[in-house]
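These notes concern the structure reproduced below.
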Amino acid sequence: MKILMVASEATPFAKTGGLADVLGSLPPALVRLGDEVGVVLPKYRVTEAPGAEPVWLAMPLWVGPHGYTVDIHRLIHRGAHYFFVDCPLLYDRPEIYGTYPDNHIRFALLSQAALGIARHLFRPAVLHAHDWQAGLVAPYLRTTFAGDPTFFGLHTLLTIHNMGYQGNFPAAAFADLGLDPGLYNPGGLEFWNHVSYLKAGIVWSDAINTVSPTYAREIQTPAYGSGMDDLLRVRSGKLSGILNGVDYEEWNPETGPYQVAHYSARDLSGKLASKKALLAELGLPLNIQRPLIGVVSRFADQKGFDLVEGIAAWLADQDVGMVALGSGQKKFEDMFRQLAALRPEKFAVRIGYDDALSHRIVAGADMFLMPSQYEPCGLSQIYSLRYGTVPIVRATGGLADTVDEDTGFKFVEYAPEALLEAIERALQTFAQRESWIVRMQRGMAKDFSWDSSAAEYQRLFRSL
Ligand code: ADP
Ligand code: GLC
């Protein structure tokens, strides 16, 4: 079957978070199972795709009244066709998701380009849109191009990676999109006097899924639905949850490309070497008996670091080290900076985005902390399991689905005391070396490779 995906990021070309990991690894997994897969991405300034070749020069596209001429470049990567939409006017900017006034046009063009590619270059059976950035694919297909025989028989799937990012734009943006004015109503893509790209995708796609079974249930409740839970309940017959897989070629302690030392569940000596190297790199004392907690994350409210703030005083007095790598909201960057300033012999922070360091942290830490408020799937805890780095997580979304009490430590209530209690349990278990190692090994044996999840996507595509 031929599938054309549409998304805003994919490894190794451009990445800000887990969405990119999925678009870099699900397509090759489907290819291994026999499907033909294309992926449509913007070509940003930061995009690195050496070897991509032009396959269509000067494709004319329209977003409402605005005409664009774009080039399409293609790179075959691990068997999948990655198409890059080259429109410097919209994408050649310092940031991928900066607060640009024309973001609604930037991502409307992405959907139009995907339909252009589906028409001329790669004719799929299913158009598979990811997140709000691809939310207009289905409404353009079902309204603007409704009578177009090129697209007869084409079906659409929307995968929601995060309900918290909805692509909501002021009502005035609607006039730029070239959609039928009748679509701007509460049963269509209007959402609290805004144009909502995510809502548009939910309303017009043939099926919707999200990235873990638990999150698929959670988003149908007011606490997790970000205002769209009622709509999702109405569409619940079309909504499913498919757990993300991970790419163990990139995230493998036995072969991983970024590592100081390789190791496996049978021979953990390389993990100790990784910890020593990490402590040295961070300028922390070489106290290998002391447990080291790792954090690698976007610093957004979603990730729950206000709970860490709530236990900071307690944490500072424990015999524990911590390293945090991330960037995002200043209040969280400052909180980690203050912790490091308060106890420089225990805590280290690196503000920024650093792939190689993220791997060294996952390898070198003893525990990995993800106290998320909500977590659609979460990949870092899965990487940590494979690295024998025991996750401490809040039991929500994909964290609840991937971490067990015998591979990690979970807490339920979103409260600092609950986090503290989970860390306390982790520290007590760490002190019992043998049961700690058993726990590490159980986590390392878990298999979240794409094979079974990609097969679930195949079943979903075919059910359409
Ligand atoms: P989310 O997509 O919500 O950010 P995930 O756990 O699904 O959460 O995926 C996060 C991905 O981004 C992981 O691959 C993680 O290693 C990576 N990542 C997040 N922050 C950083 C950072 N500061 N430097 C390097 N990699 C990061
Ligand atoms: C989103 C979610 C994260 C998920 C990722 C990939 O960024 O926040 O939980 O793992 O998408 O699906």
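Remember, it's a predicted structure, so these values are computed and weren't measured experimentally. Numbers here simply count residues along the sequence, with the first being 1. As the structure lists them, so they are numbered: ligands from 1, and atoms in each ligand from 1.
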message: Looking at Phe332, I'd like to know if the NZ or CZ of Lys303 sits under 6.0 Å from its six-membered ring centre while staying within 45 degrees of the ring's axis.
response: no
- request: Determine, for Tyr100 and Arg93, whether the Lys NZ or Arg CZ falls below 6.0 Å from the six-membered ring centre while staying within 45 degrees of the axis.
  value: yes
message: Out of Glu9, His161, Gln302, Arg298, who is nearest to atom 1 (C) of ligand 2 when you count heavy atoms only?
response: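 Ranked by closest heavy atom to atom 1 (C) of ligand 2, first place is His161.
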As an exercise, identify every atom of ligand 2 less than 4.0 angstrom from a heavy atom of [X].
| X | value |
| --- | --- |
| Val22 | 6 (C), 12 (O) |
| Pro376 | 2 (C), 8 (O), 9 (O) |
| Asn162 | 8 (O) |

Give a yes or no on whether a salt bridge exists between [X] and [Y], defined as a side-chain N under 4.0 angstrom from a carboxylate O.
| X | Y | result |
| --- | --- | --- |
| Arg439 | Asp404 | no |
| Asp334 | Lys331 | no |
| Arg360 | Asp355 | no |
| Arg233 | Asp229 | yes |
| Asp230 | Arg235 | no |
| Lys275 | Asp366 | yes |
| Glu95 | Arg45 | no |
| Arg425 | Glu405 | yes |

task: Report yes if some N/O of Gly18 lies less than 3.5 Å from some N/O of ligand 2; otherwise report no.
output: no
query: Which residue supplies the protein heavy atom nearest to atom 3 (C) of ligand 2, what is that atom called, and how far is it?
result: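 For atom 3 (C) of ligand 2, the nearest protein heavy atom is Glu375 OE2, 3.4 Å.
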task: Please report which non-hydrogen protein atom sits nearest to atom 10 (O) of ligand 2, along with the residue it belongs to and the distance in Å to one decimal place.
output: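 Ranked first by proximity to atom 10 (O) of ligand 2 is Gly378 N, 2.8 Å.
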task: Under 4.0 Å, heavy atoms only, figure out whether ligand 2 is touched by the backbone of Asp21, its side chain, both or neither.
output: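 Near ligand 2, Asp21 shows nothing, with every heavy atom at 4.0 Å or more.
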message: For Leu19, which part has a heavy atom under 4.0 Å from ligand 2: side chain, backbone, both, or neither?
response: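 The answer is the backbone.
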Would you mind listing each N/O atom of ligand 1 next to any protein N/O under 3.5 Å, plus the distance?
from     : atom 1 : to     : atom 2 : distance (Å)
ligand 1 : 2 (O)  : Gly18  : N      : 2.6
ligand 1 : 3 (O)  : Arg298 : NH2    : 2.8
ligand 1 : 3 (O)  : Lys303 : NZ     : 2.7
ligand 1 : 4 (O)  : Arg298 : NE     : 2.7
ligand 1 : 6 (O)  : Leu379 : N      : 2.8
ligand 1 : 6 (O)  : Ser380 : N      : 3.3
ligand 1 : 7 (O)  : Leu379 : N      : 3.3
ligand 1 : 8 (O)  : Lys303 : NZ     : 3.2
ligand 1 : 9 (O)  : Gly18  : N      : 3.2
ligand 1 : 14 (O) : Lys15  : NZ     : 2.8
ligand 1 : 14 (O) : Asp21  : OD2    : 3.3
ligand 1 : 23 (N) : Gly352 : O      : 2.8
ligand 1 : 24 (N) : Asp354 : N      : 3.0

